[in-house]
Undergrad: 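Right, I'll just put the structure down here and ask away after.
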Amino acid sequence: MTAIPLIVDCDPGVDDAVALLLAFAAPERLELLAVTTVGGNVPARLTARNARIIRQIAGRQAVPVYAGAEQPLVRAAEAASHFHGESGLGWMEPFEPDVPTAAGHAALAIVETVMARPAGTVTVAAMGPMTNLALAMRLEPAVVDRLAQVVVMGGARREGGNITASAEYNIFADPHSAQIVFSSGLPAVVLGLDATHQVRTTPERLAAIKALDRPAARIVAQLLEFSQDVERRLVGPEPPPLHDPCTIAWLLAPELFTAVPVGLSVETSSPLTLGHTAVEFRGTDPGGSAIRWVTKVDADGVYALLLEHLRG
Ligand code: BDR
Ligand code: CA
């Protein structure tokens, strides 16, 4: 099986960090071309540093990390540090990594990386506000046809929102960029809250990760314990959902997911429902829509996949 050429666009972020560790642990399946970072959960200078911290822990220093957009395209930046800690990495002790960010803006790096590869080969896993990808599409429109697909963590339909009543954080944080990406015609697989809320870190699943006693597994356990604590304090008694790693799990084991073609538009003007994803199943031509919405996830399968990769 050939490895999927992949760019991970992220805003670490506790669950972004887990997603990165999973992606770094699968070199035979994912050819990680670059990690691009964006301001989101915490400001851009921290997301770039955090991605480099995780890269160093994974021992994958050869993968370039490019720092990207500090601000969304139109609206003001809105962090989510109440969910990720001031550093963005929960209870982890941040440190200055050995290897700096690569030269150049993340959006340009996306353009250059995608244009240098054969058409239809490079995938982007987008797990933060999609400012970098939208900028790349505006800088070089040919990127849209050149990309294989984008796998997005973002949006909500049945579940309602997690940052406002009707919006999921990544889309709310930069709705204009999300609309550019979703209306571009680029094939997209979208893992919204309807999917990720099915994938929860129960005490049993966390215990299985802790039992691995491997460096990356210890970090993942600490990150997930932080999420557990935040979820209990800010949301409710249910175990915390595992959002961003679902994008990587989709790439590694799509059979764990059910996805259906939909129409998808983002609300970009209403102050009340800004960032809402209008997901339309009715009348969507199964062959014609470029967007697939994930409706069902085998959560045990996702945690088994995570365990398998953390086991090394
Ligand atoms: C998404 O928002 C961020 O806070 C998480 O990292 C994830 O990407 C979940 O709504
Ligand atoms: Ca994220």
Side-chain angles (χ1 to χ4, degrees), residues 7-23 35-44 46-51 53-54 65 68-69 72 77-90 92 106 124-133 150-175 177-178 181 189-201 220 223-224 226-231 234-235 238-250 266 274-277 279 294 297 302:
I7 298 171
V8 173
D9 187 53
C10 58
D11 62 334
V14 165
D15 58 327
D16 305 73
V18 177
L20 281 172
L21 286 167
L22 177 58
V35 174
T36 53
T37 59
V38 62
N41 288 323
V42 289
L46 294 182
T47 60
R49 180 206 60 185
N50 292 349
I53 288 177
I54 298 300
V65 172
E78 185 156 322
S81 44
H82 49 304
F83 270 99
H84 299 269
E86 285 305 315
S87 75
L89 292 178
M92 262 185 79
V124 172
M127 46 188 86
M130 287 192 278
T131 322
N132 289 332
L133 187 53
V150 58
V151 182
V152 177
M153 190 284 126
R157 181 181 185 270
R158 205 184 49 216
E159 286 293 293
N162 64 354
I163 183 79
T164 67
S166 56
E168 179 281 328
Y169 174 77
N170 287 340
I171 308 298
F172 177 77
D174 192 345
S177 288
V181 173
V189 174
V190 189
L191 293 130
L193 300 181
D194 297 8
T196 63
H197 281 184
Q198 296 174 38
V199 186
R200 291 184 180 266
T201 309
V220 167
L223 291 164
L224 296 180
F226 177 84
S227 290
Q228 203 172 50
D229 180 66
V230 169
E231 191 80 6
L234 301 184
V235 184
E238 267 203 274
L242 191 64
H243 302 292
D244 294 342
C246 286
T247 58
I248 305 299
W250 163 274
V266 179
L274 187 70
H276 171 71
T277 43
V279 179
V294 175
V297 188
V302 170

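One-based numbering, in listed order, for ligands and for the atoms of each.
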Undergrad: Quick one, list the residues around ligand 1 where some non-hydrogen atom comes in under 4.0 Å, by chain and residue number.
TA: D15, D16, N41, H84, M127, M153, N162, E168, Y169, N170, H243, D244
Undergrad: Looking at L133, T36, N132, which hits side-chain contact (heavy atoms from CB on, under 4.5 Å) with I7?
TA: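 One option only clears the test, and that one is T36.
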Undergrad: Please confirm whether the backbone N or O of V279 pairs with a side-chain atom of T277, one donor and one acceptor, at under 3.5 Å?
TA: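 No.
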Undergrad: What protein N/O/S atoms are there under 3.0 Å from the Ca ion (ligand 2), waters excluded?
TA: D11 OD1, D16 OD1, D16 OD2, M127 O, D244 OD2
Undergrad: Mind checking what makes side-chain hydrogen bond (donor to acceptor under 3.5 Å, both in side chains) contact with H276, not counting sequence neighbours?
TA: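 By the side-chain hydrogen bond (donor to acceptor under 3.5 Å, both in side chains) rule, H276 matches no residue at all.
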Undergrad: Just verifying a value: how many Å separate C246 SG and L22 CG, rounded to the nearest 0.5 Å?
TA: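 C246 atom SG to L22 atom CG measures 10.0 Å (nearest 0.5 Å).
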Undergrad: Do the side chain of D11 and the main chain of N41 share a donor and acceptor less than 3.5 angstrom apart?
TA: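 Checking the backbone N and O of N41 against the side chain of D11, a donor-acceptor pair under 3.5 Å is found.
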Undergrad: Do S227 and T201 have side chains that get closer than 4.5 Å, going by heavy atoms?
TA: no
Undergrad: Can you sort out the partners of F226 under ring-ring contact (aromatic ring centres under 6.0 Å, His included), two or more places apart, ordered by chain and number?
TA: W91
Undergrad: To the nearest 0.5 Å, tell me how far L274 CG sits from I163 CD1.
TA: 11.0 Å
Undergrad: Does D15 use its side chain to pair, donor to acceptor, with the backbone of D244 at less than 3.5 Å?
TA: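 Here the side-chain-to-backbone pair exists.
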